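Encoded as structure tokens, the structure appears first; notes follow it.
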Amino acid sequence: MAYIELENVSFCYPGQSRPVLREINLSIFNKGVTAITGANGSGKTTFSKLLTGILTPTKGRIKLNGQLLTSLTLAQIGRQIGYVFQNPDKQLFCETVEEEIDFGVRNLGLPPDQAAQKVREVMDYFELTRHAQAYPLSLSAGEKRRLALAAVFALEPGLLLLDEPTTGLDPYRKKVLGDYLDKVLGAGRGVVLISHDQKFINRYATRLIGLRDGQFIEE
Ligand SMILES: Nc1ncnc2c1ncn2[C@@H]1O[C@H](COP(=O)(O)OP(=O)(O)OP(=O)(O)O)[C@@H](O)[C@H]1O
């Protein structure tokens, strides 16, 4: 069964005459890396906001694990789809780096020592340990990106939805991210990768979808 199913989904921003997405029928699976490409303004971020329930289709419906997205709360969706925003500044809201990661982990219902270990591991993996007590918005662009990724990855959702995750990362950190994606796939989970980074896509994508004129074209 598809993890996410879009049925005849169209979306038009209020007050706009032209829909951003038109009559989309698409199945997304929680395995492999589905890369979504498209020119600036083609609707990739709009699409991710629809998948995560931040926006609601103007027409059509979206199902997550067989349940209508509109019947789920944003928190319920968030436990199944880990969304890393294009702009980390819109995602980071805690006082320290450690708290930023701990915030979501705390709600996983793990015993405290396991939760603390998870926070330590992901902080360590993304080389954020020395910044543990730093204010997230004071970090460099690449560090903020790594923190936004770490905070979502720590929750181990069935599907990761990553909007331009390599922006601001140096080549070594891109490789570290890619290695993490390999681990995610190895654990039987999936990734949707929205990106303009052709080299990263070529290396990691297992399925390629282009967004043009409001429609998806399988490549
Ligand atoms: N809140 C909004 N109200 C009206 N129009 C919007 C809004 N947000 C986005 N748009 C428009 O919708 C279209 C799709 O935008 P979107 O951000 O989804 O594109 P994108 O493919 O993610 O672009 P990029 O590659 O530049 O990140 C654009 O024409 C944009 O101007």
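Because the structure is predicted, anything quoted here is derived from the model rather than measured. Counting starts at 1 for both ligands and their atoms, in listed order. This chain uses plain numbering: 1 for the first residue, then up along the sequence.
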Derivation of the side chain to side chain contact (heavy atoms under 4.5 Å, CB included) call for I4 and I81: CA-CA 10 Å; I4 304 176; I81 305 175; 3.6 Å; yes
Aromatic ring pairing F126/Y180, orientation class (parallel under 30°, perpendicular over 60°, tilted between):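 Tilted, since the angle between the ring planes falls between 30° and 60°.
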Plane angle bin for Y83 and F85 - parallel if under 30°, tilted between 30 and 60°, otherwise perpendicular: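 Ring orientation of F85 relative to Y83: tilted.
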Atoms of ligand 1 less than 4.0 Å from [X] heavy atoms?
| X | value |
| --- | --- |
| Q86 | 27 (O) |
| T46 | 14 (C), 15 (O), 16 (P), 18 (O) |
| T45 | 17 (O), 18 (O), 20 (P), 22 (O) |

Top protein contact for atom 28 (C) of ligand 1, by heavy-atom distance: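 Nearest neighbour among protein heavy atoms for atom 28 (C) of ligand 1, to 0.1 Å: G41 O, 3.6 Å.
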Taking atom 26 (O) of ligand 1 as the reference point, the nearest protein heavy atom with its distance: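 It is N40 ND2, 3.0 Å.
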N/O separation below 3.5 Å, V20 to ligand 1: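 N/O-N/O distance below 3.5 Å does not exist for this pair.
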Polar atom proximity, H196 to ligand 1 (N or O, under 3.5 Å):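 By distance alone, the answer is yes.
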Salt bridge flag under 4.0 Å for residues K175 and D170: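 No salt bridge links K175 with D170.
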Salt-bridge present (R212, E219; N to O < 4.0 Å):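 A salt bridge is present here (some side-chain N lies under 4.0 Å from a carboxylate O).
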Proximity winner for atom 9 (C) of ligand 1, if only heavy atoms of F11, Y13, F47 are counted: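 Nearest option to atom 9 (C) of ligand 1, by heavy atoms: Y13.
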Nearest candidate to atom 25 (O) of ligand 1, where distance is taken over non-hydrogen atoms, out of Q16, E164, K44: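 Among Q16, E164, K44, the closest heavy atom to atom 25 (O) of ligand 1 belongs to K44.
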Any A39 heavy atom less than 4.0 Å to ligand 1: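 Under 4.0 Å: yes for A39.
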Heavy-atom gap G38 to ligand 1 smaller than 4.0 Å: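 G38 does not count as a contact of ligand 1 under the 4.0 Å cut-off.
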Distance-only donor-acceptor check, side chains T46 and Y13, under 3.5 Å: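 Checked: T46/Y13 side chains pair up, N/O donor to acceptor below 3.5 Å.
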Under-4.0 Å heavy-atom contact between protein and atom 31 (O) of ligand 1: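 Protein heavy atom within 4.0 Å of atom 31 (O) of ligand 1: absent.
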Identified side-chain contact (heavy atoms from CB on, under 4.5 Å) counterpart of V184 within the set L159, N30, V191, V33: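 Checked L159, N30, V191, V33 against V184; only one passes side-chain contact (heavy atoms from CB on, under 4.5 Å): V191.
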side-chain contact (heavy atoms from CB on, under 4.5 Å) partner of N25, the single match among N8, V9, L6: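 Option passing the side-chain contact (heavy atoms from CB on, under 4.5 Å) with N25: N8.
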